[in-house]
Amino acid sequence: MKSRSKFKLLSSLVSLFIGSLLLLSACSTTNKTVANESGAQLWSQKCQSCHNAPPPNQFSPQQWDVVIYHMKIKANLTKPEMDKIVTFLKQR
Amino acid sequence: MKKSYFIFASISLFVLGTCLFAVNSAKAQSSTSGGQVFSPGETNFAMLGEFSYGMNVTKHNTSFVEPDLGIMPLYRQGNFFFEAGIGASFSPDGPELGVGPINVSYMLPNGWLVRAGHFDALPFGRFPRTYDPGWINPMATGPAGFDDIGGYDDFGVQLQGSGYLGNMRLRTFISVTNGPMISTDQGSVGMLTSGSVYDNNKAKMFGGRMSLSPFQNSNFSVGLSEYYTGNVGDPGTQYKGLASNIFAVDFNWAPTVTSLNGFLRLRGQINDVHVDNSTNNGTVLGFKDNSSASYGLLAYQPSMSSNPILQKLMFGFMYSHVNTPSQANWDLASTSQYDMGITYWFNWRTNFKIDYDIQENTTNALMLQFAMQL
């Protein structure tokens with residue numbers, strides 16, 4: 001009985017995550033809203049959700065290339081969000 | 001033995017990262033000597049870190065607390081990314097140096113990331129992974145119980161991706177890791193521990209986190225995390241075959257409220273940990289091994305105030321609660337914690353906090369903390 005409930009739990013978990021993978025695969029990597037949002041808007045919105053937004057002059061353009069990757073991991077930014085934010089930060 | 005394995009794995013990963021860096025540098029140099037265009041942006045490096053230091057004042061004593069230092073070298077080579085963490089702390093036995101996280105990531109063309117190595121905090125909710133550093137947390141202390149019930153570090157592989165469902169943002173982490181082990185130490189029998197460099201059995205932990213930002217032009221998000229492993233016990237012991245399931249739900253919202261001349265931070269998380277108390281051979285734990293930890297935080301900063309001092313102040317309140325099995329006799333007892341504090345922001349990443357901490361069955365404390373991102 002115990003092993004059956006364990007199997008059920010494991011099956012539901014596997015299904016959940018295969019489902020989430022499929023769902024993610026079905027997701028679009030672009031979006032109209034993001035397409036209309038500027039890098040400055042995304043920088044303010046995404047950074048501020050966890051901590052104060054860093055001024056662009058805090059790092060060099062080369063350092064921003066690294067730091068944005070770190071933040072992509074931390075905040076799970078989408079690729080369009082990452083590209084727009086880093087372009088904004090490097091241009092200032 | 002465990003320590004030597006950990007050091008060996010750390011050094012191996014570091015050497016691997018350094019070799020990758022060296023190979024890439026050599027390639028760049030040879031392309032220059034071959035008359036090709038040199039691409040200086042291919043390999044980049046940055047160093048981040050955090051530091052905090054403070055003082056606790058209670059009715060019985062006044063004590064400076066140990067400084068907390070973490071340094072994180074980061075390398076990026078095209079779509080490869082390497083991060084490492086080195087932390088220094090003090091214990092009654094003297095200064096200690098710790099290593100972690102150490103992991104490497106590769107970004108796929110669609111923006112998904114494949115990661116492998118040591119993760120300092122699994123995506124189990126958001127507090128340990130994101131909000132814990134002193135330069136981010138508006139309070140001078142973390143929620144009660146989150147170090148033991150929810151702050152899991154581990155070794156393994158991870159896939160993370162994000163995309164859009166209509167106008168909603170979906171973010172997912174999926175990971176396979178060594179998984180936690182059941183503690184058999186006095187004062188924590190039945191508690192899950194993590195971060196061991198070797199797996200104590202063949203069972204892996206499988207799970208992840210999915211979060212949704214349902215509203216346009218809003219940073220509100222809600223997340224669900226779940227991890228399962230079929231065995232947390234050592235082979236050949238009575239704990240062999242005990243399964244565990246850990247679950248968390250979290251939310252985060254940081255709206256700008258013009259009528260309040262500033263912005264709010266609202267955060268919360270509930271961690272729930274369940275470990276079987278019996279195997280096919282019968283009951284091995286004499287209690288129901290369920291524990292939980294939760295917190296809610298509200299902070300307000302009048303950042304648009306005309307007063308230059310007021311606009312740098314943040315007022316915060318946090319309630320947290322930890323619930324442990326009453327028959328387990330763990331050192332970590334069930335308790336509630338209330339924290340009220342004021343933070344002064346010198347700049348976007350440096351602050352000074354004064355908190356008043358009230359915890360059931362413990363002396364109230366006034367906490368002072370200085371924190372900065374390096």
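Naming convention: chains lettered A, B, ... in sequence-line order (proteins, then strands); numbering from 1 in each chain. Just so it is clear, the structure is predicted and the values come from calculations on it, not from any experiment.
When heavy atoms are compared at a cutoff of 4.5 Å, B/Phe220 does not approach chain A at all. B/Met47 does not touch chain A: none of its heavy atoms, backbone or side chain, sits under 4.5 Å away. Neither the backbone nor the side chain of B/Thr256 comes within contact range of chain A; no heavy atom of the residue lies under 4.5 Å from a heavy atom of that chain.
Under the side-chain hydrogen bond (donor to acceptor under 3.5 Å, both in side chains) criterion, A/Asn76 pairs with B/Gln160, not counting sequence neighbours. Legend: residues meeting salt bridge (charged side-chain N to carboxylate O under 4.0 Å, His left out) with B/Asp250, ordered by chain and number and at least two apart, are B/Arg209.
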task = Could you give me the CA-CA distance, side-chain angles and deciding distance for A/Met82 and B/Met107, then say whether side chain to side chain contact (heavy atoms under 4.5 Å, CB included) is met?
result = CA-CA 12 Å; A/Met82 174 186 168; B/Met107 185 162 65; 4.0 Å; yes
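With contacts defined as side-chain heavy-atom distances shorter than 4.5 Å, the pair B/Leu48/A/His70 qualifies. In this structure, A/Ile73 and B/Arg115 have side chains that are in contact, with non-hydrogen atoms separated by less than 4.5 Å. Using a 4.5 Å cut-off on side-chain heavy atoms (C-beta onward), A/Asn52 and B/Phe263 make contact.
How far CG of B/Asn44 is from CD of A/Gln63: 9.0 Å, rounded to the nearest 0.5 Å. The OG atom of B/Ser213 sits 8.5 Å away from atom CD of A/Gln45, with the distance rounded to the nearest 0.5 Å. Annotation: the span from B/Arg267 atom CZ to A/Ser49 atom OG amounts to 8.0 Å, rounded to 0.5 Å. Distance OG1/A/Thr78 to CG/B/Asn110: 11.5 Å, rounded to 0.5 Å. In this structure, B/Leu113 CG and A/Leu77 CG are separated by 10.0 Å, a value rounded to the nearest 0.5 Å. Rounding to the nearest 0.5 angstrom, the gap separating the CD atom in B/Gln373 from the NE2 atom in A/His51 is 7.5 Å.
Chain B forms more heavy-atom pairs under 4.5 Å with one residue of A/Gln58, A/Lys46, A/Gln41 than with any other, namely A/Gln58. Across B/Gln158, B/Arg265, B/Glu83, B/Arg126, the residue that shares the most heavy-atom pairs under 4.5 angstrom with chain A is B/Arg265. Of all the listed residues (B/Ser218, B/Ser303, B/Pro123, B/Pro133), the one sharing the greatest number of non-hydrogen pairs under 4.5 Å with chain A is B/Ser218.
The two residues A/Cys50 and B/Ile136 have their closest heavy-atom pair at O-CG2, 3.4 Å. Scanning all heavy atoms of the two residues, the minimum distance from B/Arg76 to A/Asp65 falls at NH1-O, 2.8 Å. Pairing each heavy atom of B/Arg129 with each of A/Lys74, the nearest pair is O-NZ, 2.8 Å.
With respect to the salt-bridge test (charged N to carboxylate O, under 4.0 angstrom), the residues B/Arg171 and A/Glu81 qualify.
Within a 6.0 Å radius of NZ in B/Lys204, other residues, nucleotides and ligands contribute more than 12 heavy atoms. At most 12 heavy atoms of other shown residues, nucleotides or ligands fall within 6.0 angstrom of atom CH2 in B/Trp253.
Classification of the A/Tyr69-B/Phe81 ring pair by plane angle, with boundaries at 30° and 60°, yields parallel.
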